[in-house]
There are 2 protein chains.
Amino acid sequence: MAEPIPIRQTAHRIPVQTIGRLSLYRRLLLELSAGGMRQIYSHQLASAAVATPAQVRRDLMMIGFTGSPRKGYAVDELIAAVNGVLAQSVETSVALVGVGNLGRAILAYYTNRQPWVRFVAAFDRDPDKANRIIHGCRVYPFEQAEEVLGREGIRAAVIAVPAAEAQRVADRLALAGVRSFLNFAPVRLHLPTGAFVDDMDMSTALDRVAYYARQQRQT
Amino acid sequence: MAEPIPIRQTAHRIPVQTIGRLSLYRRLLLELSAGGMRQIYSHQLASAAVATPAQVRRDLMMIGFTGSPRKGYAVDELIAAVNGVLAQSVETSVALVGVGNLGRAILAYYTNRQPWVRFVAAFDRDPDKANRIIHGCRVYPFEQAEEVLGREGIRAAVIAVPAAEAQRVADRLALAGVRSFLNFAPVRLHLPTGAFVDDMDMSTALDRVAYYARQQRQT
DNA sequence: CTCACATTGTGAATCCATTCACAGATAGGT
DNA sequence: ACCTATCTGTGAATGGATTCACAATGTGAG
Ligand SMILES: NC(=O)c1ccc[n+]([C@@H]2O[C@H](COP(=O)([O-])OP(=O)(O)OC[C@H]3O[C@@H](n4cnc5c(N)ncnc54)[C@H](O)[C@@H]3O)[C@@H](O)[C@H]2O)c1
Ligand SMILES: NC(=O)c1ccc[n+]([C@@H]2O[C@H](COP(=O)([O-])OP(=O)(O)OC[C@H]3O[C@@H](n4cnc5c(N)ncnc54)[C@H](O)[C@@H]3O)[C@@H](O)[C@H]2O)c1
């Protein structure tokens with residue numbers, strides 16, 4: 001019993017899809033753990049996540065987590081193992097750029113939720129929004145971006161400015177050391193290789209949903 | 001010159017990814033067309049969409065659109081062709097369930113934008129929000145869902161209610177004839193086969209972004 | 001203590017989007 | 001009118017995630 005968190009190897013490259021599912025598994029497991037569940041089978045977790053049991057086992061294999069035949073996986077140990085991979089024991093500082101309708105909804109939502117990511121600074125070029133505290137997050141004028149990002153050691157940012165501004169904003173953030181972006185603007189960002197971008201393109205999503213409302217198919 | 005919109009076959013099944021990119025291409029092309037561009041090469045469109053030229057040509061092949069060597073693709077004809085596939089000449093009626101922070105941001109944004117999808121009804125169980133008009137969209141109490149969805153012939157919906165309510169809401173919408181969902185709640189929905197779900201899971205996206213802020217890799 | 005069998009861990013097979021690579025086509029130059 | 005450079009259209013190759021399928025495991029029943 002020397003190993004509190006049974007991880008074997010995190011050596012190989014974990015696919016992005018797996019990272020996403022691990023986030024989902026953790027959320028589901030936290031809920032189940034709070035409800036008193038101590039052990040879980042791959043098929044149970046799969047059902048909750050709308051995936052296949054083989055998929056779940058493969059994902060856990062990627063992070064080197066091991067269960068036991070007939071008993072399944074220990075819920076709390078699995079949560080700890082996922083924590084070990086996703087949030088390497090430290091909380092991640094995130095910046096928000098663009099405190100508009102969407103930006104404010106995001107700040108409101110992530111205050112006191114998901115404690116492993118924290119919005120430590122927001123930026124807006126509108127003087128009415130800058131130099132205030134919104135939902136517990138200090139809003140700076142965008143001119144101070146470099147200074148604040150450097151001071152706080154921020155390497156991840158959420159972009160919620162209008163489409164026409166997004167590339168300009170991204171360029172400046174990238175220069176200031178941000179390497180990972182969550183982009184809500186309906187454009188694709190050109191960034192130096194090595195940077196990571198996750199596009200949350202609601203307009204495209206709406207078009208897909210509208211398309212399949214007429215078709216019969218399924219994802 | 002007898003063919004206004006050169007489409008050959010839409011017979012085969014178009015991958016979801018292609019549908020998504022077509023939406024993006026259309027958005028980019030509308031901008032470029034407004035800027036006066038009449039012809040475009042696959043490598044130019046690819047660059048704007050952050051994709052490869054082969055990808056663009058393959059996508060256009062999927063919808064049977066044809067260009068010409070040395071001249072490339074006719075911008076306005078291509079827009080028309082994409083319109084023909086994505087929004088089959090009719091505008092799609094969409095419902096929104098959950099008029100909270102996120103729901104209101106969405107309604108505000110899609111008023112007078114993307115005219116091929118229209119939010120024709122919103123629902124909320126909070127009596128303070130029901131029976132009002134928010135950003136041009138009538139908000140109904142959720143009890144009237146079946147009646148309104150039927151009357152308006154709505155087959156697509158955006159779910160923006162708290163996670164704990166999402167499955168319940170989805171079940172009821174599905175029974176009322178909705179077959180295509182854009183889900184913002186951080187849970188996976190269980191729906192009858194044949195239904196389409198697009199998850200916009202910001203929490204998972206944030207976790208991915210936080211993860212890659214530490215790693216070096218790229219998607 | 002032994003046995004039976006549901007479940008895990010994983011190599012191999014499969015599937016499917018993406019990329020390669022090139023034959024075919026054509027606009028523009030001479 | 002012909003030639004050339006360059007782009008399109010697409011069959012074939014690639015690559016990587018997912019699924020299959022089964023041997024190994026160890027728990028819980030008797
Ligand atoms: N609201 C939605 O539901 C929704 C839906 C789909 C896409 N989006 C996208 O999300 C982004 C934000 O949408 P929104 O509705 O919040 O817009 P918004 O207009 O309400 O807010 C934009 C904010 O960005 C600020 N801003 C503009 N340029 C800036 C710059 N260069 N630097 C810093 N701040 C700047 C503005 O002052 C404003 O506060 C847009 O790209 C939009 O296309 C939003
Ligand atoms: N706001 C964000 O930035 C954000 C980020 C990530 C995820 N989400 C998800 O999006 C969803 C909405 O978020 P929000 O911030 O707008 O929440 P919110 O609490 O501001 O709004 C939720 C709305 O849904 C209504 N509602 C609740 N139960 C309902 C039911 N059964 N039928 C009809 N209406 C009902 C409530 O009255 C409220 O108006 C949530 O699932 C949340 O997890 C939001």
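Reminder, nothing fancy here: chain letters follow the sequence lines and each chain counts from 1.
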### Message
Which is more 5' along DNA chain C, the nucleotide nearest A/Gly67 or the one nearest A/Arg70? Just name the residue.
### Response
A/Arg70
### Query
Parallel, tilted or perpendicular for B/Tyr212 and A/Phe196, by the 30°/60° rule?
parallel
### Query
With a cut-off of 6.0 Å (strictly less than), are more than 12 heavy atoms of other residues, nucleotides or ligands near CZ of A/Arg104?
yes
### Task
Could you work out which one of C/dT7, D/dC7, D/dG9 sits closest to the side chain of B/His43?
D/dC7
### Most 5' of B/Ser42 and A/Lys71 on DNA chain D, judged by nearest nucleotide
B/Ser42
### CD (A/Glu31) with more than 12 external heavy atoms under 6.0 Å
no
### Shortest side-chain distance from B/Thr66, nucleotide among D/dC22, C/dC20, D/dG9
D/dG9
### Task
Please state how far atom CG in A/Leu45 lies from atom P in C/dT8, giving the value in whole angstrom units.
10 Å
### Query
Given atom CD of B/Gln55 and atom C1' of D/dT8, what is their separation to the nearest angstrom?
16 Å
### D/dT19 base / A/Arg58 side chain donor-acceptor hit below 3.5 Å
yes
### Query
A/Arg57 has an atom CZ; how far is it from atom P of C/dT8, in whole Å?
6 Å
### Presence of A/Arg21 side-chain N/O under 4.0 Å of D/dT18 phosphate oxygens OP1/OP2
yes
### Query
Does the side chain of A/Tyr73 get closer than 4.0 angstrom to OP1 or OP2 of C/dG9 through an N or O atom?
yes
### Task
Take B/Leu60 and A/Gln17, find for each the nucleotide of DNA chain D with the closest heavy atom, and name the residue whose nucleotide sits nearer the 5' end.
B/Leu60
## Note on the structure
Atom CE of A/Met62 and atom C1' of D/dA17 are separated, to the nearest Å, by 10 Å
### Message
I want to verify a distance call: between D/dT10, C/dT7, C/dT19, whose nearest atom is closest to the B/Thr52 side chain?
### Response
C/dT19
### Task
Quickly work out the A/Tyr41 OH to C/dC5 C1' distance and round it to whole Å.
12 Å
### Summary
Taken to the nearest whole Å, CD/B/Gln39 to P/D/dT6 is 18 Å
### Query
CG of A/Leu22 versus P of D/dA17: gap in Å, rounded?
14 Å
Exercise answer: donor-acceptor pairs, residues 181-192 of chain A side-chain atoms, under 3.5 Å, sequence neighbours excluded:
| unit_1 | atom_1 | unit_2 | atom_2 | d |
| --- | --- | --- | --- | --- |
| A/Asn183 | OD1 | A/Ala185 | N | 3.0 |
| A/Asn183 | ND2 | A/Ala185 | O | 3.2 |
| A/Asn183 | ND2 | A/Val187 | O | 3.0 |
| A/Asn183 | ND2 | A/Asp199 | OD1 | 2.8 |
| A/Arg188 | NE | A/Asp199 | OD2 | 3.0 |
| A/Arg188 | NH1 | B/Ala49 | O | 3.3 |
| A/His190 | NE2 | B/Ser47 | O | 3.1 |

#### Entry: B/Ser68 side-chain N/O to D/dT8 phosphate OP1/OP2 under 4.0 Å
no
## Note on the structure
Rounded to whole Å, CG of A/Leu78 lies from P of C/dT8 at a distance of 12 Å
### Message
Around atom CZ of B/Arg118, are there more than 12 heavy atoms from other residues, nucleotides or ligands closer than 6.0 Å?
### Response
no
